[in-house]
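In listed order, ligands and their atoms are each counted from 1. Atom set for the values below is all heavy atoms of this structure, side chains included, hydrogens, waters and symmetry mates excluded.
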Amino acid sequence: MSNVGIIGGGIIGLTSAYYLTQAGHKVTVIEKGNLQEGCSFGNAGMIVPSHFIPLAAPGMISKGIRWMFNSKSPFYVRPSLNPDLLKWGYLFYRNSSQANVDNAIPALKELSYYSKSLYQQMAKKLPFDFGYHERGLLMLYKTEEIESEERETAEIANHYGVEARVLTAEQVQDMEPDVRVDVRGGVYFPGDAHLTPQHFINGLIHYLKEAGVEFKTDCEVFDFRIENNKIQELTTNLGNYSFDEVILAAGSWSGTVAKRLQLSLPMQAGKGYSFTLNNIQKNVRIPSIFLEAKVAVTPMENNLRFGGTMEITRVNHKISMNRVRGIVESIPKYYPEMKVDVPGKEKVWHGLRPCSPDGLPYVGRSKQLQNLIVATGHSMLGISLGPGTGRVVADLMDGKKPDVGLSAFDPERFN
Ligand SMILES: Cc1cc2nc3c(=O)[nH]c(=O)nc-3n(C[C@H](O)[C@H](O)[C@H](O)COP(=O)(O)OP(=O)(O)OC[C@H]3O[C@@H](n4cnc5c(N)ncnc54)[C@H](O)[C@@H]3O)c2cc1C
């Protein structure tokens, strides 16, 4: 049994704690906030094996430049001369290639399906309901241009064994009997699922506490003592702590923490917003993505959550109401009978997606530091890939060969 310290209490830290506890380890989660503030709460809750193409892909650079001049656009890079952002931008540019996509697809697909199978087990085993449903995902489009892009994605998906069905507008409407949908058509991915993130996270925290996991909240790790290629001590505002093994799962902050470990983990925050409509009488049945607007829509029992925008930035918590307006204005274009007011700023949730420059997470044991495992950088897929990552972390800890390949996720690939 090892004494394990996990830096970060988001989905990745918590799922790691879950599988490590099951494997018999003593676990402490160190969290600088109150466990309610990270990226893992107000997100869209989609579990999406359909999302096997990384953010860094051909065409993203030109799309990004086009969108940068529109204050309501779904993708934006906040210009800055900050060296970390410049380095990240250069690496993103270099990795927006077909070679990166070809390398990423099998790796992401495998981890994604693995993770989904673990959610199925958790839904049966955990003593709380987290709103897990397997209803698939509808990718909706209104324009010819996006239709042709999405049909191509559907072909690639089917080629890789991810089932995708191209639907006419009428077929989409048939799947949504209670809400009028105005689209040119859609692609349906029946293998996707969804959950209610705050129920999952809060339920898991409670469960882990009962199982003996220690939580140190309002406790920020800001330095380390390293000797003989091992982390000997973590320095925090609440004192120093020693562990046999350390897991770095600090989301968007992981790049900064890694610097204190002399590791290069290029990371930028991809800020996104969400808001939730409550007590909907006639709700959407199937989660969807408005493709032109890049807005994710997820029914969570009788509530409906809208999430979107990807603003690449250093960690900052400013809410851009213009981008929230962009999300609101897209809704009646796809659901014409759904008139939604712009929510007050206090009703808007924001999260910082931990984005690596090649769109792939960093998961693996460090070669430089013997007692460090890195598990971060899941960008838009932290919910999807959470349990799979947590299970892999526990296997690595025990020296077992994980059930999925990890070479694409090497945490030291940018060193
Ligand atoms: C609008 C939006 C919609 C999304 N929708 C989806 C979706 O549908 N499906 C999906 O799969 N993903 C989705 N995501 C992405 C997903 O939310 C993230 O990938 C995921 O939450 C990242 O989890 P994490 O544990 O790595 O990071 P976080 O949840 O941010 O957790 C990291 C934690 O580490 C703590 N920490 C940082 N530094 C330190 C330190 N030095 N000391 C101690 N603690 C520290 C932080 O306080 C934080 O709580 C969405 C994101 C957004 C913004």
Are any of the N/O atoms in S40 less than 3.5 Å from those in ligand 1?
-> yes

Do you see a donor-acceptor pair shorter than 3.5 Å between the side chains of K87 and S264?
-> yes

Non-hydrogen atom of S252 closer than 4.0 Å to ligand 1 | no

Please check if the side chain of H350 supplies one atom and the backbone of I319 the other of a donor-acceptor pair under 3.5 Å.
-> no

Does K124 NZ have over 12 foreign heavy atoms under 6.0 Å away?
-> no

Sub-3.5 Å N/O-N/O distance, G272 and ligand 1 | no

What part of I47 sits under 4.0 Å from ligand 1 if we count only heavy atoms: the side chain, the backbone, both or neither?
-> neither

Got an N/O contact under 3.5 Å between W349 and ligand 1?
-> no

In plain terms, say whether K116 and D192 are close enough for a salt bridge, that is, a side-chain N and a carboxylate O under 4.0 Å apart.
-> no

Hey, is H194 touching ligand 1 through its side chain, its backbone, both or neither, going by heavy atoms under 4.0 Å?
-> neither

When distances are taken from atom 2 (C) of ligand 1, the protein heavy atom at minimum range is R353 NH2, 3.5 Å

Please could you name the atoms of ligand 1 that N43 approaches to less than 4.0 Å, counting only its heavy atoms?
-> 3 (C), 4 (C), 5 (N), 6 (C), 14 (N), 17 (O), 50 (C), 51 (C)

Salt bridge present between K318 and E311 (N-O < 4.0 angstrom) | no

Got a sec: does the OH of Y93 have more than 12 other heavy atoms crowding it under 6.0 Å?
-> no

Is it true that S254 lies under 4.0 Å from ligand 1, counting heavy atoms only?
-> no

Y132 vs Y119 aromatic rings, parallel, tilted or perpendicular, using cut-offs 30° and 60°?
-> parallel

Just heavy atoms, cut-off under 4.0 Å: does C219 contact ligand 1 by side chain, backbone, both, or neither?
-> backbone

Give the numbers and elements of all ligand 1 atoms closer than 4.0 Å to a heavy atom of E220.
-> 41 (N), 42 (N)

min-distance protein heavy atom vs atom 44 (N) of ligand 1 -> K32 N, 3.0 Å

What atoms of ligand 1 come within less than 4.0 Å of a heavy atom belonging to G251?
-> 26 (O), 27 (O), 32 (C)

Specify the protein heavy atom at minimum distance from atom 11 (O) of ligand 1: its residue, its atom name, and the distance to 0.1 Å.
-> S384 N, 2.7 Å

For M380 and ligand 1, does the shortest N/O to N/O distance drop below 3.5 Å?
-> yes

With a 4.0 Å cut-off, would you call K26 and D244 a salt bridge?
-> no

Within a distance under 4.0 Å of any heavy atom of L381, pick out the atoms of ligand 1 and give their elements.
-> 10 (C), 11 (O), 12 (N)

Residue part near ligand 1, for F222, under 4.0 Å between non-hydrogen atoms | neither

Between CD1 of I247 and CD1 of I12, what distance do you get to the nearest 0.5 Å?
-> 12.0 Å

Would you say ligand 1 has an N or O under 3.5 Å from any N or O of V257?
-> no

Is it true that the side chains of T389 and H378 contain a donor and an acceptor less than 3.5 Å apart?
-> yes

Salt bridge between K259 and D84, side-chain N to carboxylate O under 4.0 Å?
-> yes

I11, any N or O under 3.5 Å of ligand 1 N or O | yes

Are any of the N or O atoms of C39 closer than 3.5 Å to those of ligand 1?
-> yes

Within-cut-off N or O pair, I12 and ligand 1, under 3.5 Å | yes

Parallel under 30°, tilted from 30 to 60°, perpendicular over 60°: which one fits the rings of F290 and Y335?
-> perpendicular

Ligand 1 to G351 polar contact by distance, N or O atoms, under 3.5 Å | no

Answer yes or no for A296: is there a heavy-atom contact with ligand 1 below 4.0 Å?
-> no

Are any of the side-chain nitrogens in E155 or R151 under 4.0 Å away from the carboxylate oxygens of its partner?
-> no

Evaluate whether atom CZ of R94 has more than 12 neighbouring non-hydrogen atoms of other residues, nucleotides or ligands under 6.0 angstrom away.
-> no

Are L167 and L138 side-chain neighbours, meaning at least one heavy-atom pair lies under 4.5 Å?
-> yes

So is S379 in contact with ligand 1, going by heavy-atom distances below 4.0 Å?
-> yes

Under 3.5 Å, N or O to N or O, is V221 touching ligand 1 that way?
-> yes

Can you list the atoms of ligand 1 that are under 4.0 Å from a heavy atom of I30?
-> 43 (C), 44 (N)

Are side-chain heavy atoms of F52 and I156 found at a separation under 4.5 Å?
-> yes

Against heavy atoms of G8, which atoms of ligand 1 measure under 4.0 Å?
-> 33 (C), 34 (O), 35 (C)

Report yes or no: does E31 have a heavy atom closer than 4.0 Å to ligand 1?
-> yes

